[in-house]
Amino acid sequence: MEKKRILLVDDDELITMSLEMIISAEEDFEVIGKGCSGKEAVSLYDELSPDLLLMDIRMADMNGLEAAEAILKSHRDATILFLTTFSDDEYIVKALKLGVKGYLLKQDYKSLPVALHAAINGQSVFGGAVIDKIPTLMSQTKEEEEFDYHKYDISEKEYEVIQLVSEGLSNKEIAQKLFLSEGTVRNYLSMILEKLNLRDRTQLAIFYLKHNN
């Protein structure tokens, strides 16, 4: 089995060592490099081309968000996962808009191996505390000018469903608002996810945030 190559970047050496131990205990992962600043993250990514970059946000020289933006400009398919102590709303919104694969809190370190596997397989990974904030953050960041949903082959009614999903409404609540049956809402949601090549409601909400800012 070919191991997946992980790059670690955190300005706390003790945390980096601990993460390396956790990751190296997984037989299908190997840590190929370690850094302690955003600038190192950018240079090491260019040098090593890892399968996944696991990075903190608050760091000297260049923070993780700035580093992720720089990396994604040069490597559009980069898989970046934030692991941080801070669940600041501003950080979360910026991370989602950048298009990183996930945002986890360090206290959830026990779920890290599962999160790494999911991110490498193309899934979006967000800690429970972050997911709970997404609907509120959505409503706070909406602008008058919305993205052109027609280019995604999304109908006006499907777009209304997307908006309500982004606000955290359940299928039953969406059905009541749009005067539809729950079954019809489920069908709309299935079609939307297929058209946008998304896996679930969380990814749909993130998609809406990224394209409506």
Can you hop from Leu198 to Val185 via hydrophobic side chains spaced under 4.5 Å? yes

Give a yes or no on whether the backbone of Leu14 and the side-chain of Ser18 come within a donor-acceptor separation of less than 3.5 Å. yes

Rounded distance (nearest 0.5 Å) linking atom CG of Leu83 with atom CD of Gln107: 9.0 Å

Parallel, tilted or perpendicular: which one describes the rings of Tyr152 and Phe207, with boundaries at 30° and 60°? perpendicular

Evaluate the side-chain proximity of Leu54 to Leu7: yes if any heavy-atom separation is below 4.5 Å, no if none is. no

Check: Val100 and Leu81 side chains under 4.5 Å, non-hydrogen atoms: no

Are Glu173 and Lys177 within salt-bridge range, i.e. N to O under 4.0 Å? no

Would you check if Asp200 and Leu193 make a side-chain contact, meaning some heavy-atom pair closer than 4.5 Å? no

Could you check if a side-chain atom of Lys4 sits within less than 4.5 angstrom of a side-chain atom of Leu52, using non-hydrogen atoms only? no

Quick test of your reading of the model: are Glu20 and Lys34 salt-bridged, counting only N-O distances below 4.0 Å? yes

Are the side chains of Ile22 and Pro113 in contact, using a 4.5 Å heavy-atom criterion? yes

Is there a side-chain contact between Ile6 and Thr79 in this structure, where contact means two heavy atoms from C-beta onward sitting under 4.5 Å apart? no

Donor-acceptor check, side chain of Asn121 to backbone of Gln123, threshold 3.5 angstrom: yes or no? no

Distance (rounded to the nearest 0.5 Å) between Ser74 OG and Asp46 CG: 6.0 Å

Test item: Ser43 side-chain N/O and Glu40 main-chain N/O as donor-acceptor pair under 3.5 Å: yes

For the ring pair Tyr159 and Tyr188, is the centre-to-centre distance below 6.0 Å? no

Side chains of residues 55-63: which donor-acceptor partners sit under 3.5 Å, not counting sequence neighbours?
unit_1	atom_1	unit_2	atom_2	d
Asp56	OD1	Thr84	OG1	3.3
Asp56	OD2	Lys106	NZ	3.4
Arg58	NE	Tyr91	OH	2.9
Arg58	NH2	Asp88	OD2	3.4
Asn63	OD1	Leu65	N	3.0
Asn63	OD1	Glu66	N	2.8

Does Ser155 offer a backbone N or O that forms a donor-acceptor pair with the side chain of Glu158 under 3.5 Å? yes

Is the closest side-chain heavy-atom distance between Lys101 and Leu53 below 4.5 Å? no

Please tell me if the side chains of Val165 and Leu169 come closer than 4.5 Å, counting only heavy atoms from C-beta onward. no

With distance as the sole test, does Asp51 use its side chain to make a donor-acceptor pair with the main-chain N or O of Arg5 at under 3.5 Å? yes

Do Ile23 and Ile15 sit in the same hydrophobic cluster, where Ile, Leu, Val, Met, Phe, Trp and Tyr count as joined when their side-chain heavy atoms come under 4.5 Å apart? yes

Using the six-membered ring wherever Trp is involved, compare the ring planes of His117 and Phe29 and label them parallel, tilted or perpendicular (cut-offs 30° and 60°). tilted

Report the residues that fulfil side-chain hydrogen bond (donor to acceptor under 3.5 Å, both in side chains) with Ser24, sequence neighbours left out, ordered by chain and then residue number. none

